[in-house]
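My questions will all concern the structure given below.
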Amino acid sequence: MSISSSLYIGTTGMIAQQESMSVISDNIANVNTVGFKSSRTLFNTLMSKQMNSASSISSQVGQGVGVSSILYDMNLGALEPTTEATDISISGKGFFIVSPSETTQNYYTRAGNFRFDQEGYLRDPLGNILQGYRLPTRSILDTAPAIPPAEGAAITDIRLDMQDGGGPVSEPEATTEMRMMVNLDSGSQERSTDSASPFTALFDRWDATQAEPLDPGAYAYESSMKIYDADGGAHTVNAYFDPVVDGADIGNGIRMWEYLITVPPEADASGLSTKKGVLMAGTLTFAASGELLNMSAFEGTSDDKASWVPAGLSEMGFPVLNANLTGAAPISSSLDVGLRAVSGWNLPTGVTSMADLGTSRAGVPAMQDAETQLLAFTNFSSGSSTLYQSQNGYERGFLQSVSVNTDGVLEGFFSNGQSQGLYKIPLADFINPQGLFREGGNLFSATKDSGAVITGWAGEGRIGSIITSSLENSNVDLATEFVNMIVTQKGFDANSKVITTADQVVQTAIQMKK
């Protein structure tokens, strides 16, 4: 073995330690890089030289060291909260999928600092677009799950549709359900009386030909709410209530109230005249304890009470009111006052319309097998008040803000109070993440060593969940890197000493001939 081989062995050591120092330097330089994964250097021995030996024991001399591989540390970095809804991080395994706008090439990243640009694309700082599955627009009548995307859906650029006002819109929906919870004061005085027709006295007082169709002194309580037509137009619905005192056999603690559900006469496009604006009329029956027991509901096609028949019932058993509104599509909505019919209407013998009601409570239609709901009208001895009301229609809305939930759904929040899932963000996984190729800019690309990309949903299987308004910091540990730096420096110095010492040996050998 020549003396000069020591020079080359020392050189391999210096080169290997220099490569290791480069890796350490890169780690330290990226200590504040979002989503950065640190690396470490692994060494291996180079080939060994077989020495001639008279013994049976093999004698080999190593020929130095080399860098065998540089491994990524894929452990999770610290998650730092931010104030941006489009800053997202992955708590666990997985990568976001991004793509440059000019190619179909996909890259993978742990850095989730995304922002919408002026064209509505959700991009990273280098301009790559986050990929996702577009979710279908849902109607209030659609009870199917919004996620996951439909089978066969293709992954695509996440982009907000730039419509009126510069963003997505929430299309209007007509009201199909109305809910009201009102306490009617049991001590209220009857304002509209008619001994001959006590259960229609309030209805009889309504006169659409007058400037004020119902005199304020004709009812004990009024409540109003807005409903919406299919074009998003808002319409005010007024509900009027008045107790019934003169009806026969109302005693034994039973209390009854009349009600009218109305719109302003000028908003009613029906063919009615004096009763124009009345959408529904009926009665409410309460127990002595103030609980709602039953109700009746009528709708009509003319001013004649004989045309006012029991209203239709929805699939859930709630009475349905139909409104033909001026300049708008008709509205058909169920009315939930906390009571539903299980088996339709129970019509007394000879009673088919409001004209047949008479003066007896027994002659008033009622729900068959009525079921009282949790939120229902009451008749307690306290001031009349509207405790709760809602309806499911809404006007056209414009995007106000977005957020990303733990399932990876990018959700939009609109000015009409609605929310809509816009995209679902998939995450990528690999059998061997160590085999990914670093592209720069916090990006990785798939290679033969990494295996094919596996896409899935956040929180499913081994893929981590998505955290909104947070970023994953670099997982570089400075203390560890400083220790590695010292060790590498010592290794480099030691190998340089091998070279200088071998050089001195060579010099001594040269001087021997003098």
Side-chain angles (χ1 to χ4, degrees), residues 17-42 67 69-101 106-117 121-131 158 402-404 406 408 410 425 427-430 433-447 450 458 463-489 492:
Q17 298 302 324
Q18 181 178 339
E19 292 294 335
S20 177
M21 186 63 75
S22 296
V23 172
I24 295 170
S25 300
D26 183 58
N27 289 341
I28 294 175
N30 285 280
V31 68
N32 290 320
T33 300
V34 174
F36 179 78
K37 298 302 178 187
S38 62
S39 303
R40 62 189 181 95
T41 308
L42 297 183
V67 175
S69 60
I70 298 174
L71 297 182
Y72 306 138
D73 178 4
M74 288 297 180
N75 288 324
L76 183 66
L79 302 184
E80 178 184 356
T82 72
T83 58
E84 293 291 337
T86 54
D87 283 340
I88 50 180
S89 59
I90 305 171
S91 179
K93 296 182 181 297
F95 297 84
F96 298 112
I97 305 173
V98 298
S99 178
S101 56
N106 284 339
Y107 296 107
Y108 310 97
T109 182
R110 295 281 300 189
N113 45 337
F114 301 105
R115 296 291 184 274
F116 287 105
D117 66 9
Y121 289 101
L122 188 56
R123 298 180 184 268
D124 68 12
L126 295 180
N128 299 298
I129 305 170
L130 181 62
Q131 302 295 290
I158 292 183
V402 297
S403 70
V404 181
T406 55
L410 176 68
I425 302 169
L427 296 181
D429 193 16
F430 297 88
Q434 296 292 342
L436 293 171
F437 182 77
R438 271 187 169 158
E439 297 282 353
N442 290 332
L443 302 178
F444 296 90
S445 61
T447 67
S450 68
I463 297 179
S465 57
I466 289 180
I467 310 299
T468 190
S469 297
S470 74
L471 290 175
E472 180 185 0
N473 287 329
S474 167
N475 67 352
V476 173
D477 183 351
L478 280 179
T480 300
E481 298 302 324
F482 287 153
V483 170
N484 292 338
M485 186 187 301
I486 294 171
V487 173
T488 301
Q489 180 189 10
F492 186 91

May I have the step-by-step check of side chain to side chain contact (heavy atoms under 4.5 Å, CB included) for Glu439 and Tyr107, ending in yes or no?
CA-CA 9 Å; Glu439 297 282 353; Tyr107 296 107; 3.8 Å; yes
Let me confirm one number: the CZ-CZ distance from Phe114 to Arg123, rounded to the nearest 0.5 Å.
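If I round to the nearest 0.5 Å, the distance is 12.0 Å.
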Got Ile28 and Leu478 here, is their nearest side-chain heavy-atom distance under 4.5 Å?
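Yes. Closest side-chain heavy atoms under 4.5 Å.
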Say whether Ser99 and Gln131, considering side chains only, have a donor N or O and an acceptor N or O under 3.5 Å apart.
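Short answer, no.
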Among all residues two or more places apart in sequence or in another chain, which pass the salt bridge (charged side-chain N to carboxylate O under 4.0 Å, His left out) test with Arg115?
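Result, salt bridge (charged side-chain N to carboxylate O under 4.0 Å, His left out) vs Arg115: Asp87.
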What's the shortest heavy-atom distance between Tyr108 and Ala428, and which atoms?
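For Tyr108 and Ala428, the tightest heavy-atom pair comes out as CD2-CB, 3.6 Å.
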Decide yes or no for Ser89 and Leu471: does some side-chain heavy atom of the first lie under 4.5 Å from some side-chain heavy atom of the second?
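The answer is no; the side chains never approach within 4.5 Å.
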Can you tell me how far CZ of Phe96 sits from CG of Leu427, rounded to the nearest 0.5 angstrom?
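Output value for this atom pair is 6.0 Å.
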Pairwise distance CG(Asp477) to OG(Ser38) - rounded to 0.5 angstrom
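Separation between the atoms: 8.5 Å.
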Are any non-hydrogen side-chain atoms of Val476 and Glu481 less than 4.5 angstrom apart?
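Val476 vs Glu481: side chains touch.
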Quick check: do Val67 and Val23 have side-chain heavy atoms less than 4.5 Å from each other?
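Not touching, per the 4.5 Å side-chain cut-off.
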Write down the atom of Pro81, the atom of Leu79, and the distance for their closest heavy-atom approach.
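That would be CD-O, 3.8 Å.
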Is it the case that the side chain of Thr109 and the backbone of Ala111 share a donor-acceptor pair, with hydrogens and angles ignored and the cut-off at 3.5 Å?
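Yes; judged by distance alone, with no hydrogens or angles, the pair exists.
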Looking at side-chain heavy atoms only, is the closest gap between Phe437 and Ser450 below 4.5 Å?
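Sidechains of Ser450 and Phe437: no contact.
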Can you check whether Ile463's main-chain N or O pairs, donor with acceptor, with Asp429's side chain at less than 3.5 Å?
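Checking the backbone N and O of Ile463 against the side chain of Asp429, no donor-acceptor pair under 3.5 Å is found.
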When you measure from the side chain of Thr447 to the backbone of Gly435, do you find a donor-acceptor pair of N or O atoms at a distance under 3.5 Å?
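Indeed, once roles are kept as given, a pair shorter than 3.5 Å links the two residues.
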Apply ring-ring contact (aromatic ring centres under 6.0 Å, His included) to Phe444 and Phe430, showing your working.
CA-CA 11 Å; Phe444 296 90; Phe430 297 88; 8.9 Å; no
Flag side-chain contact, heavy atom, 4.5 Å: Leu76 against Arg110
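Yes; the side chains approach each other to less than 4.5 Å.
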State, to 0.1 Å, how close Ala458 and Thr406 come at their nearest heavy-atom pair, and which atoms those are.
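For Ala458 versus Thr406, the nearest heavy atoms are CB-O, 3.5 Å.
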Side chain to side chain contact (heavy atoms under 4.5 Å, CB included), that's the test. Do Asn113 and Thr82 meet it? Break it down for me.
CA-CA 10 Å; Asn113 45 337; Thr82 72; over 6 Å; no
With rounding to the nearest 0.5 Å, note down the distance linking CD in Glu84 to OG1 in Thr468.
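Glu84 CD to Thr468 OG1: 10.0 Å, rounded to 0.5 Å.
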Roughly how far, to the nearest 0.5 Å, is the OG atom of Ser465 from the NZ atom of Lys93?
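It comes to 13.5 Å.
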Under the side chain to side chain contact (heavy atoms under 4.5 Å, CB included) test against Phe36, which residue among Asp73, Asn27, Val31 passes?
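Only one option passes, and that is Asn27.
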Closest heavy-atom contact between Arg438 and Ser39?
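Arg438 and Ser39 have their closest heavy atoms at NH1-OG, 3.0 Å.
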Would you say Asn475 and Tyr72 make side-chain contact, with heavy atoms under 4.5 Å?
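Side chain of Asn475 against side chain of Tyr72, heavy atoms only: no contact under 4.5 Å found.
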Test item: Thr488 and Gln17 side chains (from C-beta on) under 4.5 Å apart, heavy atoms:
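Yes, side chains in contact.
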Nearest 0.5 angstrom please: Ile466 CD1 to Ser91 OG, how far?
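Output value for this atom pair is 11.0 Å.
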Residue among Asp117, Leu130, Asn128 satisfying side chain to side chain contact (heavy atoms under 4.5 Å, CB included) with Leu122
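Testing each of Asp117, Leu130, Asn128 against Leu122, the sole residue satisfying side chain to side chain contact (heavy atoms under 4.5 Å, CB included) is Leu130.
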